[in-house]
Protein chains: 2
Amino acid sequence: MITIKDLAEKAGVSYATVSRALNGRAEVSETTRARIIALAQEMGYQPNAVARSLVSQKSSTIALIVPDVSNLFFADITMTVHKAADDHGYTTMVCNTSWDPAKEQEKLKIMVQQRVEGIILKPTAFIKPGILEALSLPLVLFWHAMDDNLSYVEVDHAAGAQMAMHHLIEKGYKRIAYLGGVETSPSNQIRQMSYQKALQEAGLPVDPRLISYGSFSLESGFKRLGSLMRLEQPPDALFCGSDLIAMGALQYARNHNLSVPGDLGIIGFDDVACASLPLVNLTTIEQPRDELGEAALKALLDEISVFPKRTKQRILIKPKLKIRSTT
Amino acid sequence: MITIKDLAEKAGVSYATVSRALNGRAEVSETTRARIIALAQEMGYQPNAVARSLVSQKSSTIALIVPDVSNLFFADITMTVHKAADDHGYTTMVCNTSWDPAKEQEKLKIMVQQRVEGIILKPTAFIKPGILEALSLPLVLFWHAMDDNLSYVEVDHAAGAQMAMHHLIEKGYKRIAYLGGVETSPSNQIRQMSYQKALQEAGLPVDPRLISYGSFSLESGFKRLGSLMRLEQPPDALFCGSDLIAMGALQYARNHNLSVPGDLGIIGFDDVACASLPLVNLTTIEQPRDELGEAALKALLDEISVFPKRTKQRILIKPKLKIRSTT
DNA sequence: CTGAAAGCGCTAACAG
DNA sequence: CTGTTAGCGCTTTCAG
């Protein structure tokens, strides 16, 4: 691989001059510059970013660490973060933790060693406050941060749940069930509270038999709707914790000749790609991945610019109601 | 950020010793090693991979360049390449070209400058032979390479089409239509040939009215099935160029009360995530993303090990038949 | 405008 | 076993 020295030798100048010429610095005569640029082209010179990083102490690289790149949600986010970083001249190193906290630690360490200029992280699990701060690197989380100084970007789950409930109530549904996600998940808890609040504000009773938790999966939705339909007074609508849960319920409804949205209104959460397929056509609350990604990158750039201080941003992205044929 | 020199000073040894101790080289007494490791831990030392790369001339980094990270197909591949690279101690830089050849060139250049040790590339368009070879870097393509020396990994579309056709014929379908993808796409052309060959081998007539091309989209499938059903002798089965085309057709069938698979058998290609949803449940030919990704990485490692020679591998991955409810 | 020289943080001979 | 020293390829003073 050809270096600046090779160019200098060929051009009969010092390699400092070559560096200056190539970096467009003012203190070089236009003639030598032209000559050197031409030569570089001709000899196929490619600057060594590694050496450059070493001396400049900047890598123009950021890291994005997510649990699962192949998950559609993170894939979308990866895309937008990547694009936004690109626009600002940053290259992105994408890491995958496979939902493994140990791997997450390892990846963080590697990224520090690679001297990335900042990290955007979707944590795999609850993080002890302080542990990330100790990284002493610009950092943005896709998560409500704890009581440390970190910035985060998150979807406003309360607002999303409220939109969903208002929509169902407006449509005239009276017995709305909540098919929640994993009970302990923060987003689930926030949404459940909004669910109850919305019912109360509408003067509708809160029936605990209509509230359930479970995994964010198809099967879970299918099974839970089955239980609900065996109640004396089954629900006339479902607010689901994820599109998968909703699709499981939808499947149950189709199998049992329940008309949707006539007998049963269904609304999901996320707006995954399949939700908008004609065969599915699910009403849902979109978590806008593009905004999440862009906001995270913007926050990170801010963090980078003030580092080692922290900007400590708290960014809530507004979700969007997507009305389709299941309500 | 603390360096090897800081450690040396604190420990009262030369920094060469620190380097040796930290890198687990034999020629250090265990006592000093222990002392230095403890000190490094205590002071929060993190080796500078940039400096290390500069001297060792290896970055332990590879690049994966794809048109669209958020595309489910590439997201899966990104995942497996990433994981496989990880297992071999490589970090992956993921790049996105947005199907833009100019961006592709730019990304390739940046990756060369970053001194990655190899590149896995899904080209956005036909590539002029030679242009990539000139990179003089280990390289693997997701594409049939031209007449240059590059390695590639690709799905065996001929075999996939054959499996699909055999399956339909075995099920007793007699008038099988081909709803192809973009006419000029190489995969489409290969599959179409297999389609005709399979019909002929089964002693079934090839009716040109049953052959069509179009975009790989839902709408395209929907519309084209409409045309087919208006023929005097409509088909009794469809071999589709993508799952999306198949799902569009499936949608048409549902809307028009055609029973699937009774009146009409449908088989897709790809096995995207939605295809296996109960609501869809599409019979299809899977393009195994995991194998593609792993094979590509393996090929790249080979390329790296023999570089600057080329291994020139031609790897065809066998697709798999996924029988579901539409046939 | 250009050259000489120092140094980014680290590894790897080469001497002791 | 340990220290000294020379670079890896580049940017950036500091002198001319």
Side-chain angles (χ1 to χ4, degrees), chain A residues 1-37 39-40 43-61 89 109-117 136-137, chain B residues 1-37 39-40 43-61 89 109-117 136-137:
Chain A
M1 197 112 277
I2 140 151
T3 77
I4 216 177
K5 274 189 182 167
D6 302 325
L7 291 180
E9 202 170 330
K10 264 269 207 249
V13 296
S14 77
Y15 60 91
T17 303
V18 176
S19 169
R20 282 190 278 249
L22 260 26
N23 290 308
R25 312 189 114 286
E27 341 88 299
V28 197
S29 78
E30 279 312 316
T31 38
T32 44
R33 159 162 311 152
R35 194 157 52 95
I36 289 170
I37 288 179
L39 192 65
M43 299 179 69
Y45 169 75
Q46 294 290 357
N48 185 330
V50 177
R52 193 174 275 180
S53 299
L54 184 60
V55 44
S56 68
Q57 303 285 40
K58 335 175 76 213
S59 56
S60 293
T61 297
K109 207 175 71 187
I110 293 179
M111 290 304 106
V112 170
Q113 297 183 355
Q114 297 280 355
R115 298 297 189 266
V116 298
E117 294 186 29
S136 78
L137 217 62
Chain B
M1 195 115 279
I2 141 152
T3 77
I4 216 178
K5 274 190 181 167
D6 301 326
L7 291 180
E9 201 169 332
K10 262 271 208 251
V13 297
S14 77
Y15 61 90
T17 303
V18 175
S19 170
R20 283 190 278 251
L22 260 26
N23 289 309
R25 311 188 114 285
E27 340 90 298
V28 197
S29 79
E30 279 311 317
T31 38
T32 44
R33 159 162 310 148
R35 194 158 52 95
I36 288 169
I37 289 180
L39 192 65
M43 299 180 67
Y45 168 75
Q46 293 290 357
N48 185 330
V50 176
R52 193 175 273 178
S53 298
L54 183 61
V55 44
S56 68
Q57 303 284 40
K58 339 176 71 214
S59 57
S60 292
T61 297
K109 207 175 70 187
I110 292 179
M111 290 303 107
V112 170
Q113 298 183 354
Q114 296 281 355
R115 296 298 189 265
V116 297
E117 294 187 27
S136 77
L137 217 62

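Here is the naming used below: chain letters follow the sequence lines, and residue numbers restart at 1 for every chain.
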Taking OP1 and OP2 of [N], is either one under 4.0 Å from a side-chain nitrogen or oxygen of [X]?
{"X": "A:R25", "N": "D:dT12", "result": "yes"}
{"X": "A:T32", "N": "C:dT2", "result": "yes"}
{"X": "B:N23", "N": "C:dT11", "result": "yes"}
{"X": "A:T17", "N": "C:dG3", "result": "yes"}
{"X": "A:Y15", "N": "D:dT12", "result": "no"}
{"X": "A:S19", "N": "D:dT11", "result": "yes"}
{"X": "B:T3", "N": "C:dG9", "result": "no"}

May I have the distance from [X] (atom [atom1]) to [N] (atom [atom2]), rounded to whole angstrom?
{"X": "B:K5", "N": "D:dT4", "atom1": "NZ", "atom2": "P", "result": "12 Å"}
{"X": "A:I4", "N": "D:dG7", "atom1": "CD1", "atom2": "P", "result": "18 Å"}
{"X": "B:N48", "N": "C:dG7", "atom1": "CG", "atom2": "C1'", "result": "14 Å"}
{"X": "A:I36", "N": "D:dT11", "atom1": "CD1", "atom2": "P", "result": "13 Å"}
{"X": "A:R35", "N": "C:dT2", "atom1": "CZ", "atom2": "P", "result": "8 Å"}
{"X": "B:M1", "N": "C:dG9", "atom1": "CE", "atom2": "P", "result": "11 Å"}
{"X": "B:M43", "N": "C:dG9", "atom1": "CE", "atom2": "P", "result": "14 Å"}

Quiz item: Does A:S59 offer a backbone N or O that forms a donor-acceptor pair with the side chain of A:R115 under 3.5 Å?
Solution: no
Practice problem: Using a cut-off of strictly less than 4.0 Å between a heavy atom of the residue and any atom of DNA chain D, enumerate the qualifying residues of residues 52-60 of chain B by number. | Solution: B:L54, B:V55, B:Q57
Exercise. Would you mind telling me which residue lines up with the more 5' stretch of DNA chain C, A:R115 or A:A16, judged by nearest nucleotide?
Key: A:A16
Quiz item: To 10°, what angle do the rotation axes through the five end pairs on each side of the helix from C:dC1-D:dG16 to C:dG16-D:dC1 form?
Solution: 40°
Quiz item: Out of A:T3, A:I2, A:L7, which one pairs with A:K5 under the side-chain contact (heavy atoms from CB on, under 4.5 Å) rule?
Solution: A:T3
Quiz item: How about B:L137 and B:V112: do any of their side-chain heavy atoms sit closer than 4.5 Å?
Solution: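 Yes; the side chains approach each other to less than 4.5 Å.
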Quiz item: So do the side chains of A:T17 and A:S14 get within less than 4.5 Å of each other, counting heavy atoms only?
Solution: yes
Quiz item: Considering only heavy atoms and no angle criterion, is a donor-acceptor pair shorter than 3.5 Å present between the side chain of B:R20 and the base of D:dG3?
Solution: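 Indeed there is one.
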